[in-house]
Amino acid sequence: MKVVVIFKWCRNPQDALVGASGNVDWPGVKMSANDDDPAVMDIAKVLAGDDEIVALTIGDGDIAWAAARGAASTVVVTDALTDVNSTATGAVLAAAIKRIEDVGVVIIGDSAWDYGIVSAFVGQLGWPAMAAVTSAELDQGSLHVTCKMGGVSHVLEIKTPVVLAVMATQTEQSEPSMKQVLMARKKPVEKITIADLGFSPNFAEVTSLRTRFPDTPPAILYDGADPASACKQLMAALHNDGVL
Amino acid sequence: MNMNSLMIITDQRRVGGMLNAVKALGGPITAAVVGPRSLADTVSAWGFERVLCLEPAQGVPAEAYSAQVAEVAAAIAPRLLLASDAASSRMLLAAAAAKLNANVIGAVRALSVDGDAIVISRSTADDKVLEDIEAAGSVAGIFSGADVDVITTQPVSVEQIAADSSTNMRLIGVVESEGGNGMLTAARVVGVGAGLAAKDDLKLIEELAAAARAEIGCSLPVCEDLRWLSEHRVIGSSHSQVSPELYIALGISGQPQHMTGVRDAKIVVAINNDPEARVFKFCNYGIIGDLYKIVPALISAFKNMNG
């Protein structure tokens, strides 16, 4: 069973530059690994065992990122970028997965950077899917997946093929060494374009009209130089809000 | 122009906020509840035109019914499909959106109509701005806006949908959070971040929590890097998401991972000595100052209030 990981499918929203009028710009910002991508690789290695991990990415990020963490090869759709239309990005990812043979599990970060892309991808691929996955293992050929559900975790037995949207519960524990990074650059990379995927999107256009600052008022800030006075003002405000 | 909407519901979280947003479109709103009948009965008095209920079989997760929910969506053919950002809701929306050839848009905060088009306001650029997006066709939105209280009305009858018996996933175990998790239902939560200088200083935080009658939570680094508090205390997108009346962030910088976990708090107070800390952009009230001086004053204020 082949395991496919999807990595660097979005830009980091924290890298966006917001102008004084609320306009947004992304000067030189490339696709970036999100907080969940290292956990994606960890789970992929558990599930793949001796089988190979294929990595899939889009756009202009570091292609060797997943290879340095254990992927045997990488496919990159070079001209696909995330934009206002999450469905287009999801459709590109799904079409790229369908080109790869014998895939049992696809793993993607369940990242709040853009939940829209994750859902669009899952829908376009049409496979069963679970989100908020924190771990997974193969137990005598059965796939057991643990998902966070509020204050508890559910352990599920799931038949393949399946998409697992993984949520990291810790930061990356061991980054690859320089040797692993250099070796990763020698691993196979297949560069393709959207045209190679041979699909035609049939969903309506969406258009970004404008970006603007939210109407919510800014925080009321108190100077803590006089702690007693600051706390007195705060408590009065909280009383007015009815939360005390 | 037909502006009918279908809302996928797996729990009560954000349903009030979603209803509030969808009402701006003016069309009929149907609820597709994938969960216990009791949830559908509750929702039936919230002003929906129709309420459908697909009750999962024992030990089968809601996500197992994605294809069936997609068929329901196809039969209703809504212009707008909406679900909360809960994991199971997003997976159900995924299949239905594909069935409808709908454009999926995340981080939806508000909706409006402009002629025949739906205009979706979504949060973007790290929640700094809203982006207004015009969609000509069907839209599937993932709502992450604020929840609001619902005004109950005369209940409509719940239409039960027989759950498909074939399933590709089943529940084989439930793991309870270590030490329980009172934060999830607490009216007040005090969150501590890496701005605390030493583990012994947690006593000060415990004193504040006792005075404020609050539960204690923390940011991820306090658990993962400093190991001062256990994992079940971590508040954030990948851990506990809390919805207290009052959340007090102490020495927390305000990273997105953490602030997502308190998005449903009614009031957020931040105390931090860095006036540029990100947390001050996402709170209702802030005190700029040394938490070691502010917290004792706050303890006194709560004690005075409690008499």
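Just so we're on the same page: letters track the sequence lines, and every chain starts at 1. Computed over heavy atoms, backbone and side chain alike; hydrogens, waters and symmetry mates excluded.
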With chain B, which of A:A228, A:P128, A:G90 has the greatest number of heavy-atom pairs at distances under 4.5 Å? A:P128
If you tally heavy-atom pairs under 4.5 Å between each of A:Q170, A:H154, A:R212 and chain B, the highest tally belongs to A:R212
Just say parallel, tilted or perpendicular for the rings of B:Y247 and B:H258, cut-offs at 30° and 60°. tilted
Under 4.5 Å from any heavy atom of chain B - which part of A:T146: neither
Please report the interatomic distance OG(B:S166) to OH(B:Y65), rounded to the nearest 0.5 Å. 9.0 Å
How would you list, by chain and number, every residue that makes a ring-ring contact (aromatic ring centres under 6.0 Å, His included) with B:H239, sequence neighbours excluded? none
Residues of residues 131-142 of chain A near chain B, each having a heavy atom less than 4.5 Å away: A:A131, A:A132
Pair count under 4.5 Å, heavy atoms only, with chain B: among A:A112, A:C147, A:A120, highest is A:A120
For B:D11, is there an ion pair with B:R13 - N to carboxylate O distance below 4.0 angstrom? no
Shorter than 4.5 Å, heavy atoms on both sides: which option in B:E224, B:E245, B:M305 has the most such pairs with chain A? B:E224
Under 4.5 Å from a heavy atom of chain B, the part of A:A168 involved: backbone
Counting heavy-atom pairs closer than 4.5 Å to chain A, which one of B:G173, B:G137, B:A97 comes out on top? B:G173
Shortest non-hydrogen contact from B:V104 to A:S86? O-CB, 3.3 Å
Pick one of side chain, backbone, both or neither for A:M235, based on which atoms fall under 4.5 Å of a heavy atom in chain B. side chain
At a heavy-atom separation under 4.5 Å, does A:L143 approach chain B through its side chain, its backbone, both, or neither? neither
Do A:C231 and B:I294 make a side-chain contact, defined as non-hydrogen atoms from C-beta onward lying under 4.5 Å apart? yes
At a 4.5 Å cut-off on heavy atoms, which part of A:D110 comes close to chain B: side chain, backbone, both, or neither? side chain
So which residues of residues 18-31 of chain A are in contact with chain B at a heavy-atom cut-off of under 4.5 Å? A:V18, A:G22, A:V24
Check each atom of B:I267 against the heavy atoms of chain A and say whether the ones under 4.5 Å are side chain, backbone, both or neither. side chain
Looking at B:V174, B:V108, B:I120, B:L93, which one has more heavy-atom pairs under 4.5 Å with chain A than the rest? B:V174
Any chance you could measure B:I172, atom CD1, to A:H144, atom NE2, to the nearest 0.5 Å? 3.5 Å
Rounded to the nearest 0.5 Å, the CG atom of A:L164 sits from the CH2 atom of A:W127 at a distance of 10.5 Å
Name the residue from B:T10, B:I142, B:L82 that meets the side chain to side chain contact (heavy atoms under 4.5 Å, CB included) definition with B:S89. B:T10
Are any of the side-chain heavy atoms of A:N34 and A:N12 separated by less than 4.5 Å? no
Of the backbone (N, CA, C, O) and the side chain (C-beta and beyond), which part of A:L221 lies under 4.5 Å from a heavy atom of chain B, both, or neither? both
Run the salt-bridge test on B:D85 and B:R90 with the 4.0 Å N-O cut-off and return the result as yes or no. no
Within 6.0 angstrom of A:K45 NZ, more than 12 heavy atoms from elsewhere: yes
Correct closest heavy-atom pair for B:C283 and B:Y285 would be SG-O, 3.3 Å
Quick check for you: among B:S123, B:G106, B:G286, which has the greatest number of heavy-atom pairs under 4.5 Å with chain A? B:G286
Against chain B, work out which of A:A16, A:G116, A:S119 has the most heavy-atom pairs shorter than 4.5 Å and name it. A:S119
Should the pair A:R69-A:E175 be classified as a salt bridge under the 4.0 Å nitrogen-to-oxygen rule? no
Output the distance between atom CG (A:L234) and atom OH (A:Y222), rounded to the nearest 0.5 Å. 6.0 Å
Let me confirm one number: the CG-CD distance from A:D35 to B:Q257, rounded to the nearest 0.5 Å. 7.0 Å
Can you say whether B:T167 sits under 4.5 Å from chain A via the side chain, the backbone, both, or neither, judging by heavy atoms? backbone
Knowing that exactly one of A:T87, A:T89, A:V163, A:V92 qualifies, which makes a side chain to side chain contact (heavy atoms under 4.5 Å, CB included) with A:F121? A:V163
Taking side chain as everything from C-beta outward and backbone as N, CA, C, O, which of these in B:N168 sits under 4.5 Å from a heavy atom of chain A? Side chain, backbone, both or neither. both
Looking at A:K232, I'd like to know if its NZ atom is crowded, meaning that more than 12 non-hydrogen atoms belonging to other residues, nucleotides or ligands lie closer than 6.0 Å. no
Could you tell me which of B:G141, B:A94, B:P221, B:A98 has the largest number of non-hydrogen atom pairs under 4.5 Å with chain A? B:A94
Do B:R263 and B:S243 have side-chain N/O donor and acceptor atoms under 3.5 Å apart? no
Using a heavy-atom distance cut-off of less than 4.5 Å, which residues of residues 270-282 of chain B contact chain A? B:R278, B:F280
Answer with yes or no whether the side chains of B:D132 and B:S121 bring together a donor and an acceptor at under 3.5 Å. yes
When heavy-atom pairs shorter than 4.5 Å are enumerated against chain B, which of A:H239, A:Q233, A:R210 gives the highest number? A:R210
Quick one: are B:L171 and A:V155 in side-chain contact, heavy atoms under 4.5 Å? no
Could you check whether A:S208 and B:E131, counting side-chain N and O atoms only, form a donor-acceptor pair closer than 3.5 Å? yes
Between B:R109, B:M169, B:R170, the one whose heavy-atom pairs under 4.5 Å with chain A are most numerous: B:R170
